[in-house]
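Quantities reported herein were computed from a predicted structural model and do not represent experimental measurements. First the proteins, then the strands, lettered A, B, ... as listed; each starts at 1.
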Amino acid sequence: MPARIILRQLFKTGIISEPPPAPDPTLAVNAHALNEEILRIFGRAVGVRHVDAGSCNACELEIHAMNGPHYNIEGAGVKFVASPRHADVLLVTGPVSAHLATALRRTFEATPDPKWVVAVGDCAATGGPFGESYACRGRVANVIPVDVVVPGCPPEPKRILAGILTAVRTAPAHRQAPASP
Amino acid sequence: MPHQIDLTPLAPHGGGPIWQFALGRTRLTAFARGIQEEGGQLLALWGADDRHLGGTFTLHTAYLSVLGLIWAKTPLEAHAPSYPDIAHIFPQAGRMQRATRDLLGLIAENADDTRKWLRHAVWSDGQFPLRRDFELAQPEAADAYPFVRVEGQGVHEIPVGPIHAGVIEPGHFRFSVIGDRVLRMETRLGYTHKGIEKRFEGLDVSSGARLAGRVCGDSHSAFTWAFCMAVETALETTPPPRAQWLRALFLEIERLINHLGDLGYLGNDVALGFGFNQFWRIKETWLRACREWFGHRYLFDCIVPGGVARDLTASAAAEVVRLVRETREQVRPLIELYEEHAGVQDRFTGTGIVTPALAARLGLTGLAGRASSQAWDARVQFPWPPYQELDVQMALERSGDVAARARVRAAETLESLRLLKTIAESLPPGPLVRALPTSARVCEALGWVEGWRGPVIVHVRLQADGRLDRVHPHDPSWQNWPLLELAVLGNIVPDFPLINKSFNLSYSGADL
């Protein structure tokens, strides 16, 4: 019985995955020439580690949506990984809460070079409505270096995917971890 | 009531039955016990610094009772503000008391657990961010949080987080295990504390509504509605009928998309990728439709003080009805699949149990509560406009396991679809917003909305110039997090993600 439901539903649904968006150079905050060597090394596959640095969880909803069947992100070479040690890209959401600043910095340091940081959402871009306060450090770039910023509250899945592709295809990678304050 | 108390009804401006009264410090314990003996629950506990208004400090408590929501205000001393512990009556008060100590320095006397809660190392003990005279001085050198240790032969600890392996909010879980079996799990939250309550101070009400909607993104409409309801009640105005109906439409879409997403993830966590892909396909259809109808996939900022910012056109209303029909046809076989799939039921049934007795004792609320026989749903018992006209049917289960929480979600998904159809077909005509009156005096109220996760409460106090003086948003995750710690006992570590997802509690909403 379950098998029949699955098969019937599969045939009814068909394939709904859509083509990936093109990289958008306007999202890169740090535009440099394409790094041929990195492109050669990574080819079309990139490991992404998501870090919630204090978000309200709306950006997470869109990152989850991006993993849904419409977006076929693995077809675009994007794979979510469980550890910063396996990651090429850190996808950081939220303003950075003071309580997470150290964890974010350590995650950045634990990510092997070369690496990219994509700040996702208005809060990650500017601090958003939370700003800077006794408990909040504001935008991600206040804590770790950022290569690509994807604005939106929350940005739609296609924009986030475009941001990731922009990072690995057009922005230079960090080779050095910044000095901890 | 066992004690004679003069309850003043808060004039219901678009809200359900809320009663407020001043409760003397010496009568707090007896009153809480009275509520408990009659089967009520504590929903929220918070504080306020009222010294700049000529007062002292106030302890606020909100109880769910057969009368509706009872809001008690207990004035405390200005110099050594303290009150009798009520966590021995309502255990869910424990973390709220600890947070109120961290943020305001209000002390629960003789409380069992006096550890800090929201405070890590960013500010020191003795500094209180929500006091008006707070200035950030030297932070504490290290966090040093004393977890409870379990000792014995073969016991070891597994620390998890704050940064987790999946796409999930940050928090820390400390497991004490023997082999794969969980002996104890302790949660440490507060990582996403970003000073939201302080941020509200001095904002205008429109900016306040936007911020309230970002306390917990997945409950955007619940929080903005509760915030706006509090502002409107304080200013003694009511939104136009069409706005009330549209707010209900937004709230039910929010419930629907969250339940669809969670049902998908529950399938994913038991290796039924098919379930994940199917439910998320349907969810995405709704998100795209919302983008088209209202300009935002999650309906952000559609609810505004005085009414709503977005309308539903006649053609879009017909689309809602069509999509409801289509979704019902697609969801029913999936629910049937979950019920009949041996692998799914093997993982769901008997996993992460909260018995009805434990749920009642510890105040489990919202959808998780309804999966453990806690029959509270404000839409059903205390309907506010337009829910009086919608006759919501409550979903209720007894077994308190992952399977029960999945079934409550499934039943509420179908009920929300029914409500969406009714709302789309019976939207009253008229304006979308009513301009807010001015008050010229300090005024306050509560807003109370049954969000998808459970009851959301927002306390708003306005200054005489109409700006926000004090806002406290309360997410039901506060009550439910401690139950997650008990639900995992005796289960195996690999079932933790499944149990956790079946509750799907908010970090940001409770970290503030």
Name the member of [options] that forms the most heavy-atom pairs with chain A at distances under 4.5 Å.
| options | result |
| --- | --- |
| B/Asp301, B/Asp218, B/Asp143, B/Val215 | B/Asp218 |
| B/Arg214, B/Glu340, B/His341 | B/Arg214 |
| B/Leu287, B/Leu136, B/Thr192 | B/Thr192 |

Residue part contacting chain B, namely of [X], when any heavy atom lies under 4.5 Å:
| X | result |
| --- | --- |
| A/Pro154 | both |
| A/Cys153 | both |
| A/Arg49 | side chain |
| A/Tyr134 | both |
| A/Ile16 | side chain |

Considering only heavy atoms, which portion of [X] lies under 4.5 Å from any heavy atom of chain A: side chain, backbone, both, or neither?
| X | result |
| --- | --- |
| B/Leu203 | neither |
| B/Phe276 | side chain |
| B/Glu169 | both |

Centroid separation [X] to [Y] less than 6.0 Å:
| X | Y | value |
| --- | --- | --- |
| B/His193 | B/Trp117 | no |
| B/Phe294 | B/Phe300 | no |
| B/Tyr191 | B/His120 | yes |
| B/Phe250 | B/His296 | no |

inquiry  = Check this for me: B/Arg210, atom CZ, are more than 12 non-hydrogen atoms of other residues, nucleotides or ligands nearer than 6.0 Å?
reply    =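 Not buried by this count: 12 neighbours or fewer within 6.0 Å.
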
Looking at [options], which one has more heavy-atom pairs under 4.5 Å with chain B than the rest?
| options | value |
| --- | --- |
| A/Cys59, A/Pro157, A/Gly68, A/Gly128 | A/Pro157 |
| A/Cys136, A/Gly131, A/Ala58, A/Pro69 | A/Pro69 |
| A/Ala65, A/Ser133, A/Ser83 | A/Ala65 |
| A/Lys12, A/Glu62, A/Arg8, A/Glu60 | A/Glu62 |

ask   = With sequence neighbours left out, what residues match B/Arg281 under salt bridge (charged side-chain N to carboxylate O under 4.0 Å, His left out)?
value = none

query = For B/Tyr265 and A/His64, does a side-chain donor sit closer than 3.5 Å to a side-chain acceptor?
reply = yes

request  = Verify whether one side chain among A/Tyr71 and B/Glu284 offers a donor that lies under 3.5 Å from an acceptor in the other.
outcome  = yes

key: Mutual orientation of the aromatic rings belonging to B/Phe227 and B/Phe200 [parallel < 30°, tilted 30-60°, perpendicular > 60°]   = parallel

request  = Go through B/Val471 and B/Glu201 one step at a time and tell me if the side-chain contact (heavy atoms from CB on, under 4.5 Å) criterion holds.
outcome  = CA-CA 7 Å; B/Val471 175; B/Glu201 291 175 6; over 6 Å; no

Measure the spacing between [atom1] of [X] and [atom2] of [Y] and express it to the nearest 0.5 Å.
| X | Y | atom1 | atom2 | value |
| --- | --- | --- | --- | --- |
| A/Ile160 | A/Glu156 | CD1 | CD | 9.0 Å |
| A/Leu104 | A/Asn142 | CG | CG | 11.0 Å |
| A/Leu161 | A/Thr166 | CG | OG1 | 9.0 Å |
| B/Trp123 | B/Leu118 | CH2 | CG | 6.5 Å |

Close approach to chain A in residues 503-512 of chain B, criterion heavy atom under 4.5 Å =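 Residues in range: B/Ser506, B/Ser508.
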
message = At under 4.5 Å between heavy atoms, what parts of residues 330-337 of chain B are in contact with chain A? List them by residue number.
response =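 Residues of residues 330-337 of chain B touching chain A at under 4.5 Å: B/Gln330, B/Pro333, B/Leu334, B/Glu336, B/Leu337.
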
Within residues 92-100 of chain A, residues adjacent to chain B where the heavy-atom gap is under 4.5 Å = A/Pro95, A/Ser97, A/Ala98, A/His99, A/Leu100

query = Is any side-chain heavy atom of A/Val89 less than 4.5 Å from a side-chain heavy atom of A/Val168?
reply = yes

ask   = Which atom pair, heavy atoms only, marks the closest approach of B/Leu211 to B/Ile196?
value =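 Scanning both residues completely, I find the closest heavy atoms to be CD2-O, 4.1 Å.
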
Main-chain N/O of [Y] paired to [X] side chain as donor or acceptor, under 3.5 Å:
| X | Y | answer |
| --- | --- | --- |
| A/Asn57 | B/Cys216 | no |
| A/Asp147 | A/Ala167 | no |
| A/Lys79 | A/Ile73 | no |

B/Trp286 six-ring face occupied by B/Lys283 cation (under 6.0 Å, within 45°) = no

